[in-house]
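Sequence positions, counted from 1, serve as the residue numbers for this chain. Here the structure is a predicted model, which is why all the values come from computation and not from measurement.
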Amino acid sequence: MSGFLAGLCVAVLPLLAAGFWLGRRTARPPGLGGLGTPVEHATFRTLHTASLAAPPLRAGLTEETAGKSAPRLRTLLGTDALCLTDDRRVLAWDGVGAHHRDAIMERLAGPLDTGRGEAFRLDCATPDCPVRWAVVAPLTVDDRVHGALVACAPGESAVLVRAAAEVARFVSVQLELADLDRSRTRLIEAEIKALRAQISPHFVYNSLAVIASFVRTDPERARELLLEFADFTRYSFRRHGDFTTLADELHAIEHYLALVRARFGDRLAVTLQIAPEVLPVALPFLCLQPLVENAVKHGLEGKAGTCRIRITARDAGAEALVVIEDDGAGMDPRLLHRILAGEDSPSGGIGLSNVDDRLRQVYGDDHGLVLETAPGAGMKITVRLPKYQPGVHSAGRLGNLTGD
């Protein structure tokens with residue numbers, strides 16, 4: 001009996017395996033493999049196509065970006081033709097029936113003016129042209145119409161009208177993100193200008209006063225300080241690029257400290273410890289100098305003895321770690337929080353909130369300034385600079401500042 005059961009199992013198992021295989025083949029069309037259902041594959045293809053269409057549009061709506069995105073957008077809609085326009089002309093046409101460009105632009109006045117979609121028939125004298133109907137979906141950013149997405153098909157389709165509206169909404173979101181990117185760039189440029197204006201007046205006055213004091217008593221010293229002042233101001237007001245290297249920023253800090261030492265003499269003691277391997281790291285322009293200036297001001301205020309400032313920069317794996325410490329008067333952490341939030345800006349808080357905002361804009365919120373302070377305990381400022389960040393690069397020269 002047991003031999004009979006064993007033989008039955010041997011005979012049935014191939015049949016079960018064949019049935020399982022046949023069920024798998026009929027449940028999924030050939031060519032999809034075992035990675036998912038047809039719906040899952042269609043979803044993946046749609047999302048992948050959308051992801052390829054998005055990056056060019058993040059640069060705005062131009063002939064170049066429209067030309068790169070139009071084929072992907074047409075694939076999303078599955079139409080015979082698709083075009084992208086601004087408010088004056090067709091920027092890109094993908095598919096058949098390009099001879100309808102002028103007729104479509106003539107019909108866009110209404111949708112571009114009202115911001116409402118529209119569908120209309122296209123008259124065509126070409127017998128084999130499949131484009132007989134057009135669906136217009138306006139592209140809007142902040143309630144302003146920038147152009148239109150026009151999908152062309154052989155006939156009227158309510159589904160195409162809705163699909164074109166959704167794809168146009170997707171394009172509009174990308175254009176809005178492009179607008180935000182441009183606004184972010186303008187904001188960073190404005191903040192750099194504001195920081196320059198904030199630093200310059202009192203620093204220029206004090207530096208020139210110090211230089212003037214040496215003109216008669218020590219002309220050579222006055223000449224050296226004048227060169228330091230020229231080098232620092234040349235760096236501070238340069239116009240090429242939003243980013244610099246850590247080496248160049250530290251050279252500017254050296255020029256600044258030379259002028260400050262001439263003013264305060266032995267009251268200021270500065271120690272630098274810089275790892276050579278972090279000198280090429282790129283960072284936002286005028287990012288560290290305001291922090292050093294803040295340390296000088298806080299370190300000397302209300303203190304009769306020597307103010308000690310320590311500046312270190314070391315390698316921390318994927319980041320460069322810059323720390324600026326002073327042993328000065330310190331600050332109430334609650335006041336410091338208000339300064340960083342932009343709610344308070346005492347004379348001693350020069351540039352702190354500006355630098356913190358710029359670091360967060362460039363690297364993300366987890367790369368803002370880290371400040372440790374308390375009344376009478378000095379202040380420690382830590383800056384984490386990623387060594388490699390998309391869009392952050394500088395052609396600045398490298399120095400040999402490895403100092404103590």
Side-chain angles (χ1 to χ4, degrees), residues 44-119 122 131 134-153 160-190 241-243 361-362 364 389-393:
F44 168 78
R45 284 193 293 267
T46 300
L47 293 175
H48 180 63
T49 303
S51 71
L52 294 176
L57 295 170
R58 289 293 299 273
L61 189 60
T62 65
E63 283 190 9
E64 181 181 0
T65 61
K68 292 178 179 178
S69 295
R72 309 294 185 183
L73 298 175
R74 184 165 77 91
T75 300
L76 280 178
L77 290 172
T79 57
D80 294 83
L82 179 141
C83 73
L84 292 172
T85 81
D86 59 15
D87 56 353
R88 301 184 311 276
R89 60 199 173 98
V90 172
L91 298 174
W93 184 288
D94 188 71
V96 299
H99 54 276
H100 288 290
R101 287 169 174 255
D102 294 339
I104 285 175
M105 285 307 301
E106 290 175 3
R107 296 292 299 268
L108 286 187
L112 292 177
D113 184 52
T114 63
R116 296 177 181 175
E118 184 178 313
L122 290 170
V131 175
V135 175
V136 178
L139 304 174
T140 60
V141 176
D142 293 332
D143 297 325
R144 187 168 69 87
V145 179
H146 283 237
L149 178 148
V150 183
C152 302
L160 180 59
V161 171
R162 291 194 295 270
E166 291 302 322
V167 173
R169 188 174 293 113
F170 166 78
V171 173
S172 297
V173 169
Q174 304 310 313
L175 297 179
E176 186 168 356
L177 291 173
D179 197 47
L180 287 174
D181 286 342
R182 287 192 293 270
S183 298
R184 172 179 170 273
T185 301
R186 289 193 296 267
L187 178 61
I188 291 175
E189 292 173 351
D242 296 327
F243 301 99
Q361 288 167 0
V362 172
Q389 179 81 1
V392 178
H393 54 83

To the nearest 0.5 Å, what is the distance between CG on Leu175 and OG1 on Thr65? 7.5 Å

With Glu176, which residues qualify under side-chain contact (heavy atoms from CB on, under 4.5 Å), at least two apart? Val141, Asp142

Nearest 0.5 Å, please: how far is CG in Leu160 from CG in Leu77? 6.5 Å

Give, for atom CG of Leu149 and atom OG of Ser69, the distance between the pair rounded to the nearest 0.5 Å. 10.5 Å

Minimum heavy-atom separation for Ser51 to Pro55, with atom names? O-CD, 2.8 Å

CG/Leu84 to CG/Leu57 distance, rounded to the nearest 0.5 angstrom? 7.0 Å

Taking side-chain contact (heavy atoms from CB on, under 4.5 Å) as the test, write out the residues that go with Thr114, two or more places apart. Arg116

Test: salt bridge (Lys or Arg N to Asp or Glu O under 4.0 Å). Region: residues 98-109. Which pairs qualify, not counting sequence neighbours? Arg107-Glu118

If you compare all heavy atoms of Ala168 against all heavy atoms of Ala137, which two are closest, and at what distance to 0.1 Å? CB-CB, 3.4 Å

Quick one: do Leu122 and Ile104 satisfy side-chain contact (heavy atoms from CB on, under 4.5 Å)? Show the steps, please. CA-CA 8 Å; Leu122 290 170; Ile104 285 175; 4.1 Å; yes

Non-hydrogen atoms of Val145 and Gly115 that approach each other most closely: CG2-CA, 3.7 Å

I'd like to check the side-chain contact (heavy atoms from CB on, under 4.5 Å) partners of Arg169; sequence neighbours left out, ordered by chain and number. Glu166

Decide side-chain contact (heavy atoms from CB on, under 4.5 Å) for Leu82 and Val167; before the verdict, give the C-alpha distance in whole Å, the side-chain angles of both, and the deciding distance to 0.1 Å. CA-CA 11 Å; Leu82 179 141; Val167 173; 5.6 Å; no

Among pairs that include at least one residue of residues 70-87, which meet side chain to side chain donor-acceptor pair (under 3.5 Å), considering only residues two or more places apart or in two chains? Arg74-Asp94

Determine the minimum heavy-atom distance between Gly60 and Ala178, stating which atoms define it. N-CB, 3.6 Å

Heavy atoms only: give me the nearest Ala164-Val135 pair and the separation to one decimal. CB-CG1, 3.9 Å

So which atom in Cys152 and which in Trp93 form the shortest heavy-atom distance, rounded to 0.1 Å? SG-CH2, 4.0 Å

side-chain contact (heavy atoms from CB on, under 4.5 Å) filter on Ala54, not counting sequence neighbours, yields Phe170, Gln174

